[in-house]
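Inspection log for the structure reproduced underneath, given as structure tokens.
Excluded from the calculations below are hydrogen atoms, water molecules and symmetry mates; all remaining heavy atoms, backbone and side chain alike, are included. Small disclaimer: the values here were computed from a predicted structure and weren't measured.
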Amino acid sequence: MSSRLVLNRDAGAQGAPVAASGAEASVGMDLAQAASFLRGGGAVVFPTETFYGVGCLAAHAQAVARVYQLKRRPVHKPLPLLAAHAAQVDEVAELAAMPRGLAAFWPGPLTVLLPARACLPQALVNDQGLVAVRVTPHPLAAQLAVEAGGALTASSANLSGGEAVRTPQQLDPALLTALQDMARQILPSVCGNDHMKNQQDMPPVLLGGPLPAGGLPSTVVEPLRGAAGASERLRVVRAGAVSVAELVAAGFTVE
């Protein structure tokens, strides 16, 4: 059965999350419920500064595997991570390896490839031992990472190869159905109250906060080692919201 997501128009300007399947609708997860679901190994759709993302706790190997399954994403493509603050970044990556000048772009849409910590599932780490991570400026995404207790995977909320979306109404019904099926399987084991158990018929989608801005995705860069005294060097892995001109203006040599 396909699912579609609608907003409850009686819930104020931000709108409460409501999932509709056929003629039935139920209120979606609030922040505390979404965080609890993530801690139990679930995956949640949530807004970021650029687009809606689907993610889980980065250090939870089984949850990471679920995200790959939900998105039908090839396992050789590591998922990017999103953190609430620099301390969360340091829990999953070696923050000391990041050039200091890049910190000025956080929080913001700049994803940096850094040496991964051993706590991360191998699926999130590339062949060079690096993980892609950024600090998000989106208040709800950051709060979700804080409440869940760690950095989150934050791939766009679509099936692999699909278009990124910036409104809940644009979410792919096939993705919502897969999320709803996942919730039915794991909610009873991770949620200890009847209210949460009654949410098994809705996809785990967290709404609220500012809508994603859309436009370009986050820029992805890899710091490169240079000779002593030379300017910091970066390789742009993916062009995006932070321009090469901005990186050059910050004192970096971009390749």
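A distance of 8.5 Å separates CZ in Arg117 from CG in Leu95, rounded to the nearest 0.5 Å. A distance of 11.5 Å separates OG1 in Thr48 from CG in Leu144, rounded to the nearest 0.5 Å. For the atom pair CG (Leu211) and CZ (Arg166), the distance works out to 5.5 Å, reported to the nearest 0.5 Å. Taking CD of Glu246 as the reference point, atom OG1 of Thr219 lies at 8.0 Å (rounded to 0.5 Å).
With a 4.5 Å cut-off on side-chain heavy atoms, Leu79 and Tyr68 count as touching. Val64 places a side-chain heavy atom less than 4.5 Å from the side chain of Thr153. Residues Leu81 and Leu120 have side chains in contact (heavy-atom distance under 4.5 Å, counting atoms from C-beta outward). For the pair Leu114 and Val89, the minimum side-chain heavy-atom distance is below 4.5 Å. Using a 4.5 Å heavy-atom cutoff, the side chains of Glu91 and Cys119 are not in contact. With a 4.5 Å cut-off on side-chain heavy atoms, Val131 and Pro78 do not count as touching. At a threshold of 4.5 Å between non-hydrogen side-chain atoms, the residues Pro109 and Pro217 do not count as touching. Taking 4.5 Å as the limit, some side-chain heavy atom of Glu49 sits within range of a side-chain heavy atom of Thr136.
Minimum interatomic distance between Leu82 and Phe46 (heavy atoms only, all atoms of both residues): CD1-CE1, 4.3 Å. Taking both residues in full, the closest heavy atoms of Ala174 and Arg72 are given as CB-NH2, 4.3 Å, listed atom of the first, atom of the second, then distance. Nearest heavy atoms, Leu179 versus Ala43: CD2-O, 3.8 Å. Closest of all the heavy-atom pairs between Pro204 and Met182 is CG-CE, 3.8 Å. Between Trp106 and Val112, the shortest heavy-atom distance links the atoms CZ2-CG2, 3.8 Å. Among all heavy-atom pairs drawn from Gly240 and Leu216, the shortest one is O-CD1, 3.4 Å.
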Exercise for the section: Check the pair Glu222 / Arg235 against salt bridge (Lys or Arg N to Asp or Glu O under 4.0 Å), numbers first and verdict last. Expected result: CA-CA 5 Å; Glu222 178 184 1; Arg235 180 172 71 91; 2.6 Å; yes
Exercise for the section: Show your working on side chain to side chain contact (heavy atoms under 4.5 Å, CB included) between Leu234 and Thr253 and close with a plain yes or no. Expected result: CA-CA 6 Å; Leu234 300 173; Thr253 298; over 6 Å; no
Practice task
Check step by step if side-chain hydrogen bond (donor to acceptor under 3.5 Å, both in side chains) holds for Ser218 and Arg238.
Solution key: CA-CA 8 Å; Ser218 68; Arg238 181 182 71 190; 2.9 Å; yes
Practice task
Could you go through the side chain to side chain contact (heavy atoms under 4.5 Å, CB included) check for Val44 and Phe37 one step at a time?
Solution key: CA-CA 8 Å; Val44 172; Phe37 191 56; 3.7 Å; yes
Exercise for the section: Could you please spell out the steps behind the side-chain hydrogen bond (donor to acceptor under 3.5 Å, both in side chains) verdict for Gln180 and Thr177? Expected result: CA-CA 5 Å; Gln180 188 168 334; Thr177 297; 5.7 Å; no
Problem - Stepwise side chain to side chain contact (heavy atoms under 4.5 Å, CB included) test for Leu102 and Phe252 - result: CA-CA 9 Å; Leu102 289 182; Phe252 293 96; 3.7 Å; yes
Exercise for the section: Before giving the answer on side chain to side chain contact (heavy atoms under 4.5 Å, CB included), spell out for Leu247 and Phe105 the whole-Å C-alpha distance, their side-chain angles and the decisive distance to 0.1 Å. Expected result: CA-CA 9 Å; Leu247 295 169; Phe105 293 94; 3.9 Å; yes
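Remark: side-chain polar atoms of Arg66 are not paired, donor with acceptor, to backbone N or O of Leu70 under 3.5 angstrom. Here the side chain of Lys71 pairs a donor or acceptor atom with the backbone of Asn158 at under 3.5 angstrom. Within the 3.5 Å criterion, the main-chain N or O of Asp90 finds no donor-acceptor partner in the side chain of Glu94. Between the side chain of Thr111 and the main chain of Val133, no donor-acceptor pair closer than 3.5 Å is present. Of the possible donor and acceptor atoms, none in the side chain of Glu147 sits under 3.5 Å from a partner among the backbone N and O of Gln143. In this structure, His138 contributes its side chain and Pro210 its backbone to a donor-acceptor pair below 3.5 Å. Under a 3.5 Å cut-off, the side chain of Ser156 and the backbone N or O of Ala164 do not form any donor-acceptor pair.
Clustering ILVMFWY residues whenever any of their side-chain heavy atoms sit less than 4.5 angstrom apart, transitively, puts Leu224 in a cluster other than the one holding Leu113. Connection of Leu159 to Tyr52 is established within a shared hydrophobic cluster, with ILVMFWY side chains joined at heavy-atom distances below 4.5 Å, either directly or through further cluster members. Phe51 and Val67 fall into different hydrophobic clusters, where Ile, Leu, Val, Met, Phe, Trp and Tyr residues are linked whenever their side-chain heavy atoms come under 4.5 Å apart, directly or through other members. Cluster membership for Leu38 and Leu175, using ILVMFWY side-chain heavy atoms within less than 4.5 angstrom, is shared. Val146 and Leu152 fall into different hydrophobic clusters, where Ile, Leu, Val, Met, Phe, Trp and Tyr side chains are chained together by heavy-atom contacts under 4.5 Å.
The environment of CD in Glu255 is crowded: more than 12 heavy-atom neighbours from other residues, nucleotides or ligands sit within 6.0 Å.
Between the side chains of Ser36 and Gln33, not a single donor N or O lies within less than 3.5 Å of an accepting N or O.
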